[in-house]
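Quick one: the structure is below, questions incoming.
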Amino acid sequence: MHAGDDTDPLDQATRDFLAARPQLFGIAYRVLGSAAEAEDIVQEAWMRWQKADRTDVIEPAAFLATITTRLAINAAQSARVRRESYVGPWLPEPIDTSQDPQVGAERAEAVELAVLFLLEKLNPVERAAYVLREAFDYPYKQVADVLETSEANTRQLVSRARKHLAAERREPVSTADHRRLLEVFLNAAQTGDLTTLEDVLAADVVSYADGGGVRRASRVPVVGRTHVSKYLVAFAPRFWTGADVRWVEANGFPAVLVTTDGDPLALLSVEVSAEGIERILWVMNPAKLSPYVASLDG
């Protein structure tokens with residue numbers, strides 16, 4: 001009765017694809033920093049998988065991960081050019097990780113918004129090598145095969161990515177401390193409490209607002225404790241009046257969704273170390289905010 005299921009190659013191909021899908025999305029999202037672009041890559045991988053000669057494929061998941069990684073690298077190379085003309089700071093597109101904290105990976109590595117933002121500074125091949133190794137726990141040999149390079153070069157790529165991240169960020173704190181500091185920060189930002197803001201911000205804090213040229217937002221990063229504190233106090237009355245805040249999870253960490261009259265205005269997330277808040281990320285571009293909000297309520 002079920003024999004037909006087992007012998008229909010397309011049914012089996014579909015099952016193999018669906019089993020690998022969370023991982024494929026996880027790879028593409030980390031390489032691109034965009035959920036929408038990652039979905040396009042996964043769709044393209046599915047089309048190629050349907051057309052592929054699958055008779056010789058021993059490990060469908062590995063085959064699909066290879067296709068997806070290469071497609072994501074190509075997409076990241078063209079995205080780089082587009083992002084050069086992006087208005088103001090470009091921030092990654094947030095995702096709701098409450099259902100899948102690891103986003104299809106072995107570890108929840110390279111999913112935090114601040115880390116994706118830093119990975120953007122690496123070239124796409126370095127990023128892919130780091131993602132496959134650190135989040136998906138691929139052996140170096142397998143990463144080398146996916147990237148069509150030598151194992152020695154792969155080790156260098158991963159090492160370069162690790163060094164870049166280590167140089168750019170301090171040791172993060174626990175999720176509980178993260179949330180506590182974000183609560184204090186939020187309260188101080190809403191009330192324009194300069195003293196408390198200066199207490200919770202690291203000396204070299206940077207605030208980035210991604211309005212994509214659509215929303216009014218600072219087009220340059222605001223740098224340093226004094227500047228950031230004064231900037232937050234200055235726009236507090238205009239920004240927070242009539243706004244509602246909702247605690248959410250984004251990219252593995254507590255975040256705050258700010259809405260006015262039911263319309264999403266910003267997703268606020270922070271990177272925190274023992275020194276205080278290191279980076280403040282305001283995702284305000286509706287193209288990035290709307291899909292995130294839809295996934296929360298979906």
Side-chain angles (χ1 to χ4, degrees), residues 1-80 93 95 97 99-111 116 119 122-159 161 291 295 298:
M1 194 161 56
H2 295 289
D5 289 357
D6 295 332
T7 52
D8 182 337
L10 197 56
D11 271 6
Q12 186 55 49
T14 305
R15 280 198 292 272
D16 288 337
F17 181 82
L18 290 175
R21 196 185 188 290
Q23 188 183 73
L24 306 183
F25 176 81
I27 292 170
Y29 174 67
R30 285 168 171 84
V31 173
L32 290 160
S34 162
E37 287 172 22
E39 288 291 358
D40 290 345
I41 295 294
V42 171
Q43 194 56 37
E44 176 68 21
W46 165 240
M47 309 288 278
R48 294 197 181 197
W49 178 235
Q50 284 177 294
K51 292 178 189 152
D53 176 6
R54 297 182 298 272
T55 47
D56 295 337
V57 177
I58 300 159
E59 286 185 56
F63 181 88
L64 284 162
T66 300
I67 295 176
T68 301
T69 305
R70 289 176 187 170
L71 287 169
I73 289 169
N74 290 342
Q77 278 157 346
S78 57
R80 258 194 130 138
E93 184 185 332
I95 54 171
T97 41
Q99 301 305 312
D100 176 9
Q102 323 286 68
V103 192
E106 301 292 313
R107 295 194 282 271
E109 185 61 47
V111 79
L116 288 171
L119 286 178
L122 299 173
N123 74 49
V125 177
E126 286 170 336
R127 210 149 71 225
Y130 180 82
V131 163
L132 293 175
R133 176 71 194 147
E134 296 297 316
F136 293 87
D137 211 16
Y138 276 34
Y140 282 107
K141 168 89 177 72
Q142 195 177 351
V143 181
D145 290 345
V146 171
L147 300 178
E148 299 180 286
T149 185
S150 69
E151 203 174 322
N153 189 40
T154 301
R155 286 177 186 276
Q156 273 189 315
L157 292 168
V158 174
S159 168
S295 74

Q. What distance separates Leu132 CG from Thr154 OG1, expressed to the nearest 0.5 Å?
A.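 Here the interatomic distance stands at 9.5 Å.
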
Q: Decide yes or no for Val111 and Tyr29: does some side-chain heavy atom of the first lie under 4.5 Å from some side-chain heavy atom of the second?
A: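 Val111 reaches Tyr29 side chain to side chain.
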
**Q.** Closest contact, heavy atoms only, Leu24 versus Phe17
**A.**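 Heavy atoms only, the tightest pair is CD1-CE1, 3.7 Å.
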
Q. Can you check side-chain contact (heavy atoms from CB on, under 4.5 Å) on Leu147 and Asn153, steps first, answer last?
A. CA-CA 10 Å; Leu147 300 178; Asn153 189 40; over 6 Å; no

Q) Has the side chain of Trp49 got a donor or acceptor atom that lies under 3.5 Å from a matching backbone atom of Ala13? A)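 Checked: pair present.
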
Q: Could you walk me through whether Trp46 and Arg21 pass side-chain contact (heavy atoms from CB on, under 4.5 Å), step by step?
A: CA-CA 9 Å; Trp46 165 240; Arg21 196 185 188 290; over 6 Å; no

Q. Who are the side chain to side chain contact (heavy atoms under 4.5 Å, CB included) partners of Ala36, not counting sequence neighbours?
A.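 Residues passing side chain to side chain contact (heavy atoms under 4.5 Å, CB included) with Ala36: Ser34, Glu93.
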
Q: Indicate the atoms forming the closest heavy-atom contact of Ala35 with Ile95, along with that distance.
A: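 Shortest heavy-atom separation between Ala35 and Ile95 comes out as CB-CG2, 3.7 Å.
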
Q: Kindly indicate whether the side chain of Tyr130, heavy atoms from C-beta on, has any atom under 4.5 Å from the side chain of Glu109.
A: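 Side-chain contact under 4.5 Å: yes.
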
(Q) Students often mix this up, so state it plainly: with edges at 30° and 60°, are the rings of Phe136 and Tyr138 parallel, tilted or perpendicular? (A)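 Taking Tyr138 first and then Phe136, their aromatic rings stand perpendicular (interplane angle over 60°).
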
Q: Look up atom OG in Ser78 and atom CD1 in Ile73, then write down how far apart they are to the nearest 0.5 Å.
A: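 Ser78 atom OG to Ile73 atom CD1 measures 12.5 Å (nearest 0.5 Å).
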
Q | Asp40 side, atom CG; Leu32 side, atom CG - distance, nearest 0.5 Å | A |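 Going from CG on Asp40 over to CG on Leu32, the span is 9.5 Å.
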
Q: Identify whether the distance between the nearest side-chain nitrogen and carboxylate oxygen of Lys51 and Glu44 falls below 4.0 Å.
A: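 Salt bridge: no.
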
Q) Which heavy-atom pair separates Ala72 from Ala28 by the least distance, and what is that distance? A)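 Reported closest heavy-atom pair: CB-CA, 4.2 Å.
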
(Q) Tell me whether Glu126 contacts the main-chain N or O of Asn123 through its side chain, where contact means a donor paired with an acceptor under 3.5 Å. (A)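 Such a contact is found between Glu126 side chain and Asn123 backbone.
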
Q) For the atom pair CG (Leu71) and CD1 (Ile27), what is the distance rounded to the nearest 0.5 Å? A)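 Rounded to the nearest 0.5 Å, the CG-CD1 separation comes to 11.0 Å.
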
**Q.** Stepwise side-chain contact (heavy atoms from CB on, under 4.5 Å) test for Gln102 and Asp100
**A.** CA-CA 6 Å; Gln102 323 286 68; Asp100 176 9; 4.1 Å; yes

Q.
A side-chain contact here means heavy atoms from C-beta on lying under 4.5 Å apart; do Tyr140 and Val158 qualify?
A.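 Side-chain contact under 4.5 Å: yes.
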
Q | Inter-residue atom distance Arg133.CZ - Leu157.CG, 0.5 Å rounding | A |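 The distance works out to 13.0 Å.
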
Q: List the atom of Leu119, the atom of Arg127, and the distance in Å for their closest heavy-atom pair.
A: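 Scanning both residues completely, I find the closest heavy atoms to be O-CD, 3.0 Å.
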
Q: Could you tell me which non-hydrogen atom of Ala45 sits nearest to which non-hydrogen atom of Leu64, and how far apart they are?
A: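 Residues Ala45 and Leu64, closest heavy atoms: O-CD2, 4.3 Å.
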
Q. Are the side chain of Arg30 and the backbone of Val103 linked by a donor-acceptor contact shorter than 3.5 Å?
A.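 Checked: pair present.
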
Q | Residue pairs involving residues 55-73 (criterion side chain to side chain donor-acceptor pair (under 3.5 Å); sequence neighbours excluded) | A |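 Checked against side chain to side chain donor-acceptor pair (under 3.5 Å) - neighbours excluded - the pairs reaching residues 55-73 are Asp53-Thr55.
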
